[in-house]
Amino acid sequence: MSEPTRVLPKPGWYPDPNGSGRRRWWTGLGWSDRFAEPGQIAGLSRSGSTSNESLYGEWIWLVLVLPYVPALGMFFIDWQRFIALLTSPNPDMVELAPLQLILDPAYLFVVIGGWVSYFLVIAFAAADRARLKRVGVDRPFHWAFAIISANIYVIGRSIVVNRRAGAGGLAPIWVLLGLIALSSVVGALVGVWIGREFFETVYAVYG
């Protein structure tokens, strides 16, 4: 008489048989190395990977956008006054041009804001990595790469999340590419405008 066929449980999150108090992912054939805290299961998909909605959070979007905020101050710098001083026939006025630029509140916003955003990005990257670990992403990209560049963290984080979760997680890269393209176009337009103002002022002063 043949033995009855053993029916294995369906893939899913079950109490860890080793008694860790956590949930462990059963593949349908055996136990995986994926664990989850009891309150974490809602953020995980039936496939055992993190659901697409939980791959993103406020921290990664702040890491993406924050570095561009100080650059907005460039639009409020008094470039016309700076150019007027720089092209003045009076040498004393020319020497005042750099000082006028440095003391411009908008320029200070760009410089100080750049440093503030740099350290905030590092903190937000650390918070983002901690969040990914909470929702079940195994060994997320390390936040310390944000010390080198926010862009490096965004790219590395997205690739690692995509590989760990099996799908998704690449949206920050596409947003980053869009921001780079937009900032490049805007920067080029501002540079053209400043250059035109400079040459027009030089022509008006010196003929």
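Each residue takes its place number in the sequence, starting with 1.
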Original post:
Is there a side-chain contact between Pro89 and Val205, using heavy atoms and a 4.5 Å cut-off?
Top reply: yes
Original post:
So do Tyr153 and Val63 actually touch side chain to side chain, heavy atoms under 4.5 Å?
Top reply: yes
**OP:** Please examine the side chains of Leu120 and Leu62, heavy atoms only from C-beta on, and report whether any two atoms are closer than 4.5 Å.
**Re:** no
Original post:
Taking atom CZ of Arg81 and atom CD of Gln100, what is their separation to the nearest 0.5 Å?
Top reply: 5.5 Å
Original post:
Thr201 and Ala84: which non-hydrogen atoms are nearest, and at how many Å?
Top reply: CG2-CA, 4.4 Å
Original post:
Closest heavy-atom contact between Val154 and Ile60?
Top reply: CG2-CD1, 4.1 Å
**OP:** Say whether Leu96 and Phe198 are linked into one hydrophobic cluster, either directly or through other cluster members, by side-chain heavy-atom distances under 4.5 angstrom.
**Re:** no
Original post:
Would you say Ile194 and Phe75 are hydrophobically clustered, going by side-chain heavy atoms of ILVMFWY under 4.5 Å?
Top reply: yes
**OP:** Determine yes or no for a side-chain-to-main-chain donor-acceptor pair under 3.5 angstrom, with Asp104 supplying the side chain and Ala106 the backbone.
**Re:** yes
Original post:
If every non-hydrogen atom of Ile180 is compared with every non-hydrogen atom of Asn151, which pair is closest and at what distance?
Top reply: CD1-ND2, 4.2 Å
**OP:** Report the C-alpha separation of Leu132 and Arg157 in whole Å, then their side-chain angles, then the decisive distance to 0.1 Å, and conclude whether the side-chain contact (heavy atoms from CB on, under 4.5 Å) test is met.
**Re:** CA-CA 10 Å; Leu132 289 174; Arg157 182 252 198 216; 3.6 Å; yes
Subject >> Verdict with reasoning, Met74 to Trp79, per side-chain contact (heavy atoms from CB on, under 4.5 Å) >> reply: CA-CA 9 Å; Met74 298 291 290; Trp79 292 109; 3.7 Å; yes
Original post:
Is there a side-chain contact between Trp174 and Ser158, using heavy atoms and a 4.5 Å cut-off?
Top reply: no
**OP:** Establish whether Leu66 and Ile148 are linked, either directly or via other cluster members, by ILVMFWY side-chain heavy-atom contacts under 4.5 Å.
**Re:** yes
Subject >> Any donor-acceptor pair under 3.5 Å from Arg131 side chain to Tyr56 backbone >> reply: yes
Original post:
Can you name the closest pair of heavy atoms from Pro67 and Ser117 and give their distance?
Top reply: CA-OG, 4.3 Å
Subject >> Closest heavy-atom pair and its distance - Thr87, Tyr206 >> reply: O-OH, 3.0 Å
**OP:** Flag the pair Tyr68 / Leu182 as yes when at least one side-chain heavy-atom distance between them is below 4.5 Å, and no otherwise.
**Re:** no
Original post:
Does some side-chain heavy atom of Trp143 sit less than 4.5 Å from a side-chain heavy atom of Asp128?
Top reply: no
Original post:
So, do Pro15 and Arg24 sit near enough that their side-chain heavy atoms are less than 4.5 Å apart?
Top reply: no
Original post:
Centres of the Tyr203 and Phe199 rings: under 6.0 Å?
Top reply: no
Subject >> Shortest non-hydrogen contact from Glu197 toward Gln80 >> reply: OE1-NE2, 3.6 Å
**OP:** Look up atom CG in Leu170 and atom CG in Asn162, then write down how far apart they are to the nearest 0.5 Å.
**Re:** 4.0 Å
**OP:** Check the pair Leu85 / Val94 against side-chain contact (heavy atoms from CB on, under 4.5 Å), numbers first and verdict last.
**Re:** CA-CA 5 Å; Leu85 290 173; Val94 175; over 6 Å; no
Original post:
Passes side-chain contact (heavy atoms from CB on, under 4.5 Å), Ile77 versus Phe82? Steps please.
Top reply: CA-CA 9 Å; Ile77 293 176; Phe82 171 72; 5.8 Å; no
Original post:
Trp115 vs Tyr118 aromatic rings, parallel, tilted or perpendicular, using cut-offs 30° and 60°?
Top reply: perpendicular
**OP:** Find the distance between CD1 (Ile147) and CD1 (Ile152) and round it off to the nearest 0.5 Å.
**Re:** 11.0 Å
**OP:** Could you tell me whether the side chain of Leu86 reaches within less than 4.5 Å of the side chain of Met93, counting heavy atoms only?
**Re:** no
Original post:
Rounded to the nearest 0.5 Å, how far apart are CG of Leu101 and CG of Asp78?
Top reply: 10.0 Å
Original post:
Under 4.5 Å between side-chain heavy atoms, hopping through other hydrophobics if needed: is there a path connecting Val110 to Ile102?
Top reply: yes
